[in-house]
Enquirer: 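Sharing a structure below in structure tokens format, with a few things to ask.
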Amino acid sequence: MSRTLKTVRDDRLEKRLVNLILTPTKLHELLCSHFGELHWWPHDACYHKDCGSDPRFEIMVGAILTQNTAWSNVEKALLNLKAAHLLEINSLAKVNLGKLTAAIRPSGYYNQKAARLKELSSYLLENYNGDLDLFFSKETPELREELLSLKGIGPETADSMLLYAGAHPIFVVDSYTKRICSRIPITKKTCLDYSCIQNHFQLQLSAHYSDQTELVSIYNSLHAEIVELSKQFCTKTKPLCADCPLSLVCKKIIN
DNA sequence: GTCCAGGGCCGTT
DNA sequence: AACGGCCATGGA
């Protein structure tokens, strides 16, 4: 086979591939039409109501508690914390470690997580006098670095806090998102690590939705949709491809 | 009984 | 840079 012929074939293949790549915008449209508009952080749960504290701090606490943990277990811990009036920066910063550990026990990894909550609340108290308005008013990249500098806060936890508590335009990548990206190619080159996926989603979506408030809303709902998709269809071991809202695109792209 | 869930840290290669 | 072990509960 001549070299030119091979190149032509490769070009065709490449063009086909480009057309078949699932963009984040398309993904959102497909999922949104199936699930409807979702907003992920469970703000309708009972511990959110009348707790007399800042819901933003509760979201930050939840972000730490849910690390590699089912949300149902996190709810129990949050209810315990609420009952003990610990969903507040000042009280959490000064509560004794044993009491805190006991309260968050149902969420698992309670020794680590207790230390992480202590670190977070102390940091906010000492550096911002517990003022979350002040804290979240900083620029996104700077804020992200600050959060990442705290022990126990990695990329996903930091980004969850930025998006869901601070309404900053940051797309959260979790194990579900990575799973979807490993099953449906979203770029020409392989893109599976945290920052590659995040950059790609943010670049593509921010070009498509220019309004910042709308962008925050899109990041929020798309993440929620990815979680639902993964839980209901694109499961870890035996995915239910037959009923999946992405089945047509997925088949087309992979085959 | 086994697997898994909205990670992240730390030590080793 | 990449990988493996570790942390721990509760529901399916």
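Just so it is clear: chains get the letters A, B, ... in the order the sequence lines come, proteins before strands, and each one is counted from 1.
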Enquirer: Using the P atoms only, state how far C/dA8 lies from B/dC10, rounded to an integer number of Å.
Expert: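 Here B/dC10 and C/dA8 have their P atoms 14 Å from each other.
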Enquirer: Which part of the nucleic acid does A/Gly154 contact within heavy-atom distance under 4.0 Å: base, sugar-phosphate only, or nothing?
Expert: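 A/Gly154: backbone/sugar contact only, no base atoms under 4.0 Å.
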Enquirer: So, is A/Asn68 near the phosphate of B/dG7, with a side-chain N or O under 4.0 Å from OP1 or OP2?
Expert: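 It does, given that an N or O in the side chain of A/Asn68 lies less than 4.0 Å from OP1 or OP2 of B/dG7.
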Enquirer: Output yes when at least one side-chain N/O atom of A/Asn73 is less than 4.0 Å from OP1 or OP2 of C/dG11, else no.
Expert: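 No, outside the criterion.
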Enquirer: If you find the nucleotide of DNA chain B closest to A/Thr237 and the one closest to A/Ala158, which residue's nucleotide is nearer the 5' end?
Expert: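 Looking at the nearest nucleotide for each, A/Thr237 comes out on the 5' side.
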Enquirer: Is the shortest side-chain N/O distance from A/Arg116 to OP1 or OP2 of C/dC7 below 4.0 Å?
Expert: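 For C/dC7, OP1/OP2 do not have a side-chain N/O of A/Arg116 under 4.0 Å.
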Enquirer: On DNA chain B, nearest-nucleotide positions of A/Leu148 versus A/Lys231: which is more 5'?
Expert: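 Counting from the 5' end, the first nearest nucleotide belongs to A/Lys231.
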Enquirer: A/Lys151 has an atom NZ; how far is it from atom P of B/dC10, in whole Å?
Expert: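 The answer, rounded to whole Å, is 5 Å.
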Enquirer: Can A/Arg56 and A/Asp133 be said to form a salt bridge (charged side-chain N to carboxylate O under 4.0 Å, His left out), step by step?
Expert: CA-CA 10 Å; A/Arg56 290 175 297 179; A/Asp133 287 325; 2.9 Å; yes
Enquirer: Mind jotting down which residue pairs meet the disulfide (SG to SG under 2.5 Å) criterion with at least one end in residues 192-237 of chain A? Sequence neighbours excluded, please.
Expert: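 Of all non-adjacent pairs touching residues 192-237 of chain A, those that pass disulfide (SG to SG under 2.5 Å) are A/Cys191-A/Cys196.
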Enquirer: For residues A/Leu203 and A/Val172: do they belong to one hydrophobic cluster (side chain heavy atoms under 4.5 Å, members Ile, Leu, Val, Met, Phe, Trp, Tyr)?
Expert: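 Hydrophobic grouping puts A/Leu203 apart from A/Val172.
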Enquirer: Quick check on B/dA5: is either OP1 or OP2 less than 4.0 Å from any side-chain nitrogen or oxygen of A/Lys236?
Expert: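 The answer is yes; a side-chain N or O of A/Lys236 sits under 4.0 Å from OP1 or OP2.
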Enquirer: Any side-chain heavy atom of A/Phe135 sitting closer than 4.5 Å to one from A/Leu147?
Expert: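 SC-SC contact between A/Phe135 and A/Leu147 confirmed.
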Enquirer: Determine, for A/Lys138 against A/Glu146, whether the closest basic-nitrogen to carboxylate-oxygen distance falls under 4.0 angstrom.
Expert: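 A/Glu146 and A/Lys138: salt-bridged.
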Enquirer: Can you see if the side chain of A/Tyr109 gets near the phosphate of B/dG8 - specifically, an N or O under 4.0 Å from OP1 or OP2?
Expert: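 Checking A/Tyr109 against B/dG8: no side-chain N or O falls below 4.0 Å of OP1 or OP2.
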Enquirer: Does A/Lys113 place a side-chain N or O at less than 4.0 Å from the phosphate oxygens OP1/OP2 of C/dT9?
Expert: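 False: A/Lys113 side-chain N/O out of range (4.0 Å or more) of C/dT9 OP1/OP2.
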Enquirer: Which comes earlier along DNA chain C counting from the 5' end, the contact point of A/Gln112 or that of A/Lys76, where each point is its nearest nucleotide?
Expert: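 Here A/Gln112 is the residue nearer the 5' end.
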Enquirer: Could you give the CD-to-P distance, from A/Gln67 to C/dA8, as a whole number of Å?
Expert: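 Those two atoms, CD and P, are 12 Å apart.
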Enquirer: Please report, rounded to the nearest Å, how far the C1' atom of B/dG7 is from the CH2 atom of A/Trp71.
Expert: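 After rounding, the gap between these two atoms is 14 Å.
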Enquirer: Is A/Ser175 near enough to B/dA5 that one of its side-chain N or O atoms lies under 4.0 angstrom from OP1 or OP2?
Expert: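 Result: no.
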